[in-house]
Protein chains: 2
Amino acid sequence: MDEAAPQKGTVTQRAIEQIKAMIAEGRLEPGQRLPTERELAVRLGISRSSMREAIRALTVLGVLEARHGSGIYVTALEAGDLLETFGVVADLSRGPRLVELLEVRRILESTATALAAARITDDRLAAVEKHLAAMNATDDPEEILAHDLAFHREIAAAAGNETMAAILDGLSSRTFRARVWRGYQEEGAFARTRREHAAIHRALAARDPEAARTAAAAHVGEVEEWLRAQLGGPDPRPGPR
Amino acid sequence: MDEAAPQKGTVTQRAIEQIKAMIAEGRLEPGQRLPTERELAVRLGISRSSMREAIRALTVLGVLEARHGSGIYVTALEAGDLLETFGVVADLSRGPRLVELLEVRRILESTATALAAARITDDRLAAVEKHLAAMNATDDPEEILAHDLAFHREIAAAAGNETMAAILDGLSSRTFRARVWRGYQEEGAFARTRREHAAIHRALAARDPEAARTAAAAHVGEVEEWLRAQLGGPDPRPGPR
DNA sequence: CCAGCCAAGTGGTCGGACCACTACGGGTTC
DNA sequence: GAACCCGTAGTGGTCCGACCACTTGGCTGG
């Protein structure tokens, strides 16, 4: 009945799988340029429209990169490229799942901070201190948020696990934190946050992994507990969606 | 110069953002049906082709679901839907990043197992035992792998954090484990694996979180260490890609 | 030798046509 | 009256062909 090329699902889905397979099998190397949309379509026996949908899908997944006028390329396939979509999860989650995401972040962030305490170089530690100082030197929430993100990003990078750092990045996406922190900081949590950040930095400087783990876990845990209280709280319409 | 609707990036990218925004703002509820492709295209002022690319992109991200002949729907937006793409990362990663992924899994899995030890119900524990028994009763690698996955999935589910379970699921995708385990099991690691699984189960049955954490960490850590050795090993062409 | 231009080739967008499938309703049958 | 069948309108899926926007590299003219 069915021949060599059986039909399963839509042709676009099939094209996506085929390109993914080409990369997984090593027939397409990171950074390499793919054939033309038009040629790819011919090769797989589908129309250019369907091929474009497949390419677009792989583009949003961070697997391919399309450069207008130049061609289609395989990305570096690094953790950051592929885990970019993780931010979507954080952005579209609401209610109880926000707490779950924070719980995951607490687990990973505490471990990452502990690893960082053992491995961080003096250069990186200086960068951490820079963001810490900048964060305490301003009252602009936007700027604080930016340096806060950079502060944790630097620590995660120092842990030496790019994948973990990329996941934590997604779990701390701008819109995610902005949504949660809007309410959290309104309750005058600035002082507490500064204290916790200082504790994390102190543990890093002392190269004390266990202290770092505890400080980081407490830091994220504070937000987590606050959010948990918000959800089950008195207000019939909980704060963050 | 630019008016109300400024042009940034491709029209498709803009459409993706707009639909995402509609969901984030609550204008589109989970499970709800969207207007037809044709109408959506008209509303956003783009062609149907471009709109289809946007829809396809959101489909692979697990945000939308297209039912042929029926319409386009917002998914339940549960952790499993949105984190399905996590498997792609595991499938396309190779070399050092495989070790990083296992490290992340070790951290999350050990915590999840500890939580499970404290919270697991008798029903779930029975299910865990079922997969454990089935895993030890056969020699078919395929079947062993399937029950192994189910074993850990059941435990992750018992931890009470759907998001974490979904991430672990992605980190243990069939193709991922198949690639790594092919070599690992060849070295006669069956016995060791069974011993470790038994230890995990014992800790769960005893409701001992710390023992469970240790057992799970050791279990994943074994594979992690083996893989690490493979990569830096003697063979110029390391085993798993 | 260099700057600038120009043309070929690429991805991006559009419109329309047709196909495959689903869902709904009216009609038929028991 | 209820259950079944089937036609049909409407949906997503696919394809085609044309044109636009941009990059690139070679060519031309200074």
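Labels below follow one simple rule: chain letters A, B, ... track the order of the sequence lines, proteins then strands, and each chain is numbered from 1. Quick note: numbers below take in every heavy atom, side chains included, and nothing from hydrogens, waters or symmetry partners.
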Item to complete: Enumerate the residue pairs fulfilling side chain to side chain donor-acceptor pair (under 3.5 Å) with a member in residues 137-146 of chain B, sequence neighbours excluded, ordered by first and then second residue.
Response: B/E142-B/R174
Worksheet entry | Spatial distance of atom CZ (A/R105) from atom CD1 (A/I167) [nearest 0.5 Å] | 13.5 Å
Practice prompt. Under 4.0 Å from any atom of DNA chain C, heavy atoms only: list the residues of residues 39-48 of chain A that qualify, in numerical order.
Written response: A/R48
Discussion item. Just checking A/E129: does its CD atom have more than 12 heavy atoms from other residues, nucleotides or ligands closer to it than 6.0 angstrom?
Written reply: yes
Enumerate donor-acceptor pairs with a distance under 3.5 Å from any side-chain N or O in residues 56-65 of chain B to protein atoms, sequence neighbours excluded.
| from | atom 1 | to | atom 2 | distance (Å) |
| --- | --- | --- | --- | --- |
| B/R56 | NE | A/E53 | OE1 | 3.1 |
| B/R56 | NH2 | A/E53 | OE1 | 3.4 |
| B/T59 | OG1 | B/I55 | O | 2.8 |

Discussion item. I need the CD-C1' distance between B/E53 and C/dG15, as an integer number of Å.
Written reply: 15 Å
Item to complete: Heavy atoms of chain A, cut-off under 4.0 Å: which first and last nucleotide of DNA chain D, 5' to 3', fall inside that, if you could look?
Response: D/dG13 to D/dT23
Response to the item:
Heavy atoms of A/S93 and A/L98 approach each other most closely as O-CD2, 3.7 Å
Item to complete: Examine C/dG12: is either OP1 or OP2 under 4.0 Å from a nitrogen or oxygen in the side chain of A/R52? Give yes or no.
Response: yes
Discussion item. Applying side-chain hydrogen bond (donor to acceptor under 3.5 Å, both in side chains), can you list everything that pairs with A/T113, at least two apart in sequence or on another chain?
Written reply: none
Worksheet item: Which heavy atom of B/L34 sits nearest a heavy atom of B/Y73, and at what distance?
Response: CD1-C, 4.1 Å
Fill in: Along DNA chain D (nearest heavy atom to each residue), the more 5'-positioned of A/V11 and B/T36
B/T36
Response to the item:
Residues in residues 57-73 of chain A with a heavy atom under 4.0 Å of DNA chain C, by number, are A/A66, A/R67, A/H68, A/G69, A/S70, A/G71, A/I72
Worksheet item: A/T10 near the nucleic acid: base, sugar-phosphate alone, or nothing, with a heavy-atom cut-off under 4.0 Å?
Response: sugar-phosphate
Discussion item. Between P on C/dT10 and CD1 on A/I55, what's the gap in Å once rounded to a whole number?
Written reply: 13 Å
Practice prompt. Could you tell me whether a side-chain N or O of B/Q230 sits under 3.5 Å from a main-chain N or O of B/L227, the two making a donor and an acceptor?
Written response: no
Discussion item. Rounding to an integer number of Å, can you tell me how far B/E37 CD sits from C/dG16 P?
Written reply: 16 Å
Item to complete: Could you tell me how the ring of A/H131 sits relative to the ring of A/H147: parallel (under 30°), tilted (30 to 60°) or perpendicular (over 60°)?
Response: tilted
Fill in: Electrostatic pair A/D91-B/K20, nearest N-O below 4.0 angstrom
no
Worksheet entry | Closest-nucleotide 5' rank along DNA chain D - winner of B/R33 and A/T12 | B/R33
Item to complete: From the options B/L44, B/T10, B/T12, select the one residue that forms a side-chain contact (heavy atoms from CB on, under 4.5 Å) with B/S50.
Response: B/T12
